[in-house]
Amino acid sequence: MGSGNPYRMLKRSVSNEISKALSGVCADSELLNRLEDMIEEPPKREFGDLSIHLAKLSKLCGTSLDDLVNLLTSSLEKLDLVEKVVVVGGYLNIFVDYAVFSAQVLTTITSYGDKYGVVDGHVRKRVVVEYVSANPVHPLHLGSGRNAVLGDFLYRLNKFVGNEVQRRYYVNDVGLQAAFLAYGYSKLGFPEIPPGMKPDHYLGLIYAATTTIIDILKLRRSLKEAEAAGDFSRANELRGEIDSLMGDLAKLAEVIPNEVNALSEKIAGEEDPELEVLRILRGYERGEPEYLFVRKVCSKVIEGIRETLEKMNVGIDVWDWESDLVWEGRVSEILEKASSSGYFRLHKGAPALFFDELLSTELRRRLRIPEALEVPPLILKRSDGTTLYTTRDIAYTLKKFEEFSADEVINVIAIEQTLSQAQLRLALYALGYEKEAENLIHYSYEMVNLPGASMSGRRGRYVTVDELLERLSEMVKNLMRERGSEVSDEQALKIARSAIKYMILSVSPSKTLTIDLRKILDLKQNSGPYIQYTYVRARSVLEKAESHQLNAIDYGKAGKEPVRTLILELSKFPEVVSEVAVSKQPEDLIAYANNLATIFNKFYETEPILREPDEGFRALKIAVTHGVSVVLRNFMEICGMDVLERI
RNA sequence: GGGCCCGUAGCUCAGCCAGGAUAGAGCGCCGGCCUCCUAAGCCGGAAGUCGGGGGUUCAAAUCCCCCCGGGCCCGCCA
């Protein structure tokens with residue numbers, strides 16, 4: 001009955017025994033199913049390995065404390081896995097027999113190897129993860145970086161536990177942003193990307209300059225109106241806003257002076273630049289040949305983004321162009337279906353889906369929409385006939401389900417889109433795609449902040465992932481140089497990107513992430529490099545161990561600290577992985593790995609391994625070291641970190 | 001105005017959903033440890049009114065209510 005999960009098996013055999021012992025006396029038969037959850041881990045080692053809160057059990061069971069203690073102690077001590085049972089401070093503390101348990105744990109690790117952590121009997125699912133999907137108008141910034149790391153984690157985690165997973169990137173080239181970029185780029189006469197510059201970086205500047213110039217012109221018009229109307233406080237306010245945008249533009253002009261000048265001139269000479277942008281959008285959405293340059297521009301940006309993702313070791317299986325979706329007629333199909341739906345009505349003259357009649361408590365629960373969340377109607381089209389993002393996303397969602405025969409589609413999208421993602425699920429439901437609506441998961445994450453700086457793609461205020469990688473790689477190299485060793489660019493990059501991933505995954509996605517550039521490359525404890533280093537240490541011991549005579553393992557010594565704690569931690573890995581596979585909370589996995597690494601380092605520092613004179617004990621210590629290397633490697637695989645053999 | 005998320009040591013964060021044994025890490029700070037398996041390490045120390053106030057309970061960081069602070073959303077943007 002090797003389930004691949006020794007810790008769970010341990011808890012289960014204890015809870016089964018308790019359940020047997022109580023079956024005659026316990027009033028609540030339901031309780032026996034919940035026993036496994038009632039077994040907890042004591043806060044301190046001297047309290048044993050597992051414990052049960054007696055008062056809670058006594059209350060639920062209706063049995064006196066004394067009876068419980070007598071009944072449980074005698075039956076649990078009969079188990080091979082249990083060494084002794086002690087009652088302290090209202091708790092029944094169970095001490096595990098490590099001679100038996102360690103053999104189970106270590107043989108499981110050896111036989112499962114790079115599959116240790118995968119629990120037997122997992123029902124395989126087909127999962128699509130859509131992530132990154134940054135607009136094709138600027139380079140990936142730190143926010144998209146968080147998205148990429150989380151999405152990559154979800155992909156790897158699903159893959160690891162045995163699911164079929166597909167990774168998709170949705171290229172939003174039919175939106176207003178793309179049209180703004182295409183507009184600015186066309187005004188400049190489609191210049192070549194300057195040599196030595198990544199296309200996404202260059203075009204990101206053009207995009208920011210274009211939108212900023214247009215916004216300034218708009219504000220100036222409002223300013224004139226305000227002045228004419230004698231509204232001085234409004235005029236002052238506008239002047240402030242204009243100044244701020246002029247500041248942003250000046251910064252952009254430091255990098256691309258010629259482009260900024262040319263754009264300012266050309267756009268200022270335009271009657272109504274925004275109308276021009278809409279014209280491009282409309283023409284492109286219709287697929288008119290003279291507007292296909294939009295796709296060309298976006299392709300260049302995507303080229304740069306692709307390069308960045310490669311540097312991050314983040315992969316994408318399918319690149320979906322939103323324009324294809326429209327041109328294939330998938331979006332108009334949805335529009336047709338929507339207009340004949342019972343939920344279709346006009347909202348301020350625009351075609352829309354109304355959800356009021358649909359929003360029962362039951363449906364909110366099924367579609368994971370908060371009880372009090374007000375959901376406004378979903379507007380499907382602009383008055384000029386072009387479609388809106390969420391409308392196109394309905395078609396896209398169905399495509400993702402269809403093409404991969406997916407059981408579940410996960411959208412990794414920032415928390416600010418909670419409402420539109422809820423509208424998306426409701427729209428799917430309203431149009432009869434109930435299963436899809438229920439199995440569409442919005443995996444949301446909070447914003448990324450830089451201390452003392454606000455980021456904005458429209459203004460060109462952002463720190464790019466490329467920049468971050470470069471700076472961290474440089475720091476890694478300097479650090480290595482200080483320690484007297486050179487490191488290759490590739491090795492430095494591997495350490496840098498692993499540090500970023502670890503740092504991002506260690507913070508709960510529901511919390512805003514503050515990135516302090518000086519602190520991110522903390523190579524100390526609780527960091528990516530710390531895990532990589534610990535793994536290298538373990539591997540280094542194992543390599544040298546190969547030359548040693550291999551002896552039979554003496555499991556009898558497994559109860560000695562710190563070996564005992566190490567074995568217990570190793571046993572928990574599959575449990576942690578399966579919990580995280582459900583909760584999708586990377587921080588739990590990170591916390592586990594950091595703890596394991598810390599315990600191993602303590603063991604490594606305080607105990608001789610290869611120099612252990614007792615041969616049987618030495619063999620045990622080597623087996624434990626091997627266990628640590630397996631778990632850390634599997635952990636790094638799930639987190640998308642690079643496994644280094646030498647550092 | 002309504003809604004969602006967050007508030008735990010100087011800083012960055014676990015713990016809260018399923019309430020219970022002196023509230024945990026890391027960074028930073030103070031003090032130790034390299035003729036010995038990689039010192040990106042280890043050992044020890046100082047540091048917290050768990051945002052505030054009520055309530056439920058034998059027991060609240062954890063559950064309920066109110067308030068305060070921060071972020072986000074409520075667009076014919078995405």
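We name chains A, B, ... by the order of the sequence lines, and we start the count at 1 in each one. Values reported hereafter were calculated over all heavy atoms of this structure, with side chains retained and with hydrogens, waters and symmetry mates removed.
- The residue A:I379 sits close only to the backbone: its heavy atoms come under 4.0 Å of sugar-phosphate atoms, none of a base.
- The gap from the P atom of B:rC65 to that of B:rC27 amounts to 39 Å, rounded to the nearest Å.
- Atom P of B:rU35 sits at a distance of 46 Å from the matching atom of B:rC50, rounded to the whole Å.
- Distance check on atom C1': B:rA23 versus B:rA59 gives 15 Å, rounded to whole Å.
- Considering only the side chain of A:R611, B:rC37 comes nearest among B:rC37, B:rC42, B:rA21.
- Using a 4.0 Å heavy-atom cutoff across all strands shown, A:S508 reaches sugar-phosphate atoms only and no base atom.
- Atom-to-atom, OH of A:Y502 to P of B:rC13 comes out at 14 Å; the value is rounded to the nearest Å.
- Counting heavy atoms from C-beta outward, A:K501 and A:C639 have side chains that stay 4.5 Å or more apart.
- Picking from B:rA40, B:rG15, B:rG3 the nucleotide with the shortest atom distance to the side chain of A:D588 gives B:rG15.
- Here the side chain of A:L373 is nearest to one of B:rC74, B:rU22, B:rG3, namely B:rG3.
- Residue contacts shown for A:D393 are absent, as no nucleic acid heavy atom lies under 4.0 Å away.
- Here, B:rA21 and B:rG55 have their P atoms 23 Å apart, quoted to the whole Å.
- Across B:rC43, B:rA78, B:rG20, the shortest atom-to-atom separation from the side chain of A:K56 is found for B:rG20.
- Rounded to whole Å, the separation between the C1' atoms of B:rU62 and B:rA14 comes to 14 Å.
- Aromatic ring centres of A:Y343 and A:F355 lie farther apart than the 6.0 Å criterion allows.
- Between A:R611 and A:E607, no side-chain nitrogen of the basic residue sits less than 4.0 Å from a carboxylate oxygen of the acidic one, so the salt-bridge criterion is not met.
- Side-chain atoms of A:S510 stay outside donor-acceptor range of the base of B:rC5, with no qualifying N/O pair under 3.5 Å.
- Out of B:rG41, B:rC76, B:rA78, the shortest distance to the side chain of A:Y389 is found at B:rA78.
- In this structure, A:R458 does not reach the B:rC77 phosphate: none of its side-chain N or O atoms is under 4.0 Å from OP1 or OP2.
- In B:rC58 the base sits anti relative to the sugar, since the glycosidic angle is further than 90° from 0.
- When the side-chain nitrogen and oxygen atoms of A:K544 are compared with OP1 and OP2 of B:rU38, one or more of them lie within a distance under 4.0 Å.
- Considering only side-chain atoms of A:E446, the nucleotide from B:rG71, B:rA40, B:rC76 that sits closest is B:rG71.
- Judged by the 6.0 Å and 45° rule, A:R168 forms no cation-pi pair with A:W319.
- Aromatic stacking is not marked for A:Y533 over B:rG41, as the cut-offs of 5.5 Å for the centres and 30° for the planes do not both hold.
- Across B:rA18 and B:rC63, the matching P atoms stand 8 Å from one another, rounded to whole Å.
- Counting any heavy atom pair closer than 4.0 Å across all strands shown, A:E612 reaches no nucleic acid atom.
- The CE atom of A:M447 sits 12 Å away from the C1' atom of B:rA78 (whole-angstrom rounding).
- Among the heavy atoms of the strands lying under 4.0 Å from A:R392 are primed sugar atoms or P, OP1, OP2 only; no base atom is included.
- Residue A:D37 contributes atom CG, which lies 11 Å from atom P of B:rA18 at whole-angstrom precision.
- Distances shorter than 4.0 Å separate none of the side-chain N or O atoms of A:K511 from OP1 or OP2 on B:rG71.
- Taking the nucleotide of RNA chain B with the nearest heavy atom to each of A:A372 and A:E587, the more 5' of the two is matched to A:A372.
- Heavy atoms of A:T386 sit nowhere under 4.0 angstrom from any nucleic acid atom.
- Heavy atoms of A:D173 sit nowhere under 4.0 angstrom from any nucleic acid atom.
- Pairing of B:rG75, defined by two Watson-Crick or G-U wobble distances under 3.5 Å, is not identified with any nucleotide.
- With a cut-off of 3.5 Å on both pairing distances, the Watson-Crick or G-U wobble partner of B:rG26 is B:rC11.
- A:T512 comes within 4.0 angstrom of sugar-phosphate atoms only, judged by non-hydrogen atoms across all strands, and of no base.
- Between A:K381 atom NZ and B:rG75 atom P the separation is 21 Å, expressed in whole Å.
- What separates CD1 of A:I415 from P of B:rG70 is a distance of 18 Å, to the nearest Å.
- Donor-acceptor pairing under 3.5 Å, judged by distance alone, is absent between the side chain of A:T598 and the base of B:rA25.
- Between B:rC36 and B:rU22, the two C1' atoms lie 38 Å apart (nearest whole Å).
- In terms of phosphate contacts, A:R282 brings no side-chain nitrogen or oxygen within less than 4.0 Å of OP1 or OP2 of B:rC76.
- Judged by the 6.0 Å distance and 45° axis criteria, A:R279 is not positioned over the aromatic ring of A:Y183.
- The base of B:rA14 has none of its N or O atoms less than 3.5 Å from a complementary donor or acceptor on the side chain of A:N526.
- Ring geometry for A:Y170 against A:Y396 counts as parallel: the plane angle stays under 30°, on a 0 to 90° scale with 60° as the upper cut.
- A cation-pi geometry, defined here as NZ or CZ lying under 6.0 Å from the six-membered ring centre and within 45° of its normal, does not hold between A:K602 and A:Y604.
- Taking atom CZ of A:F600 as the reference point, atom P of B:rA39 lies 11 Å away to the nearest angstrom.
- Rounded to the nearest Å, the gap between the P atom of B:rC29 and that of B:rG10 is 16 Å.
- Partner assigned to B:rG41 is B:rC33, using Watson-Crick or G-U wobble distances below 3.5 angstrom.
- Searching all strands for a Watson-Crick or G-U wobble partner of B:rG20 with both distances below 3.5 Å returns B:rC58.
- Here A:I413 lies out of heavy-atom contact (under 4.0 Å) with every strand.
- A:R537 has a side-chain polar atom (N or O) that falls below the 4.0 Å cut-off from OP1 or OP2 of B:rA39.
- Annotation: cation-pi geometry not satisfied between A:R146 and A:Y445 (NZ/CZ under 6.0 angstrom from ring centroid, within 45° of ring axis).
- Where A:G349 and A:I609 each meet RNA chain B at their nearest nucleotide, the meeting point lying more 5' is that of A:I609.
- Stacking between A:Y91 and B:rA21 is present: the aromatic ring centre lies within less than 5.5 angstrom of the base six-membered ring centre, and the two planes differ by under 30 degrees.
- Residue A:Q417 is classed as a base contact, given a heavy-atom separation below 4.0 Å to a base.
- Distance A:E416 CD to B:rA78 C1': 8 Å, rounded to the nearest Å.
- Taking atom NZ on A:K494 and atom P on B:rA40, their separation rounds to 20 Å, with Å as the unit.
- Ion pair A:R8/A:E575 flagged as a salt bridge, since at least one NZ, NE, NH1 or NH2 atom sits closer than 4.0 Å to an Asp/Glu carboxylate oxygen.
- Checking A:N594, A:L596, A:V643, A:I590 one by one against A:F635, the side chain to side chain contact (heavy atoms under 4.5 Å, CB included) holds for a single residue, A:I590.
- Nucleic acid contact class of A:P376 (heavy atoms, under 4.0 Å, all strands): none.
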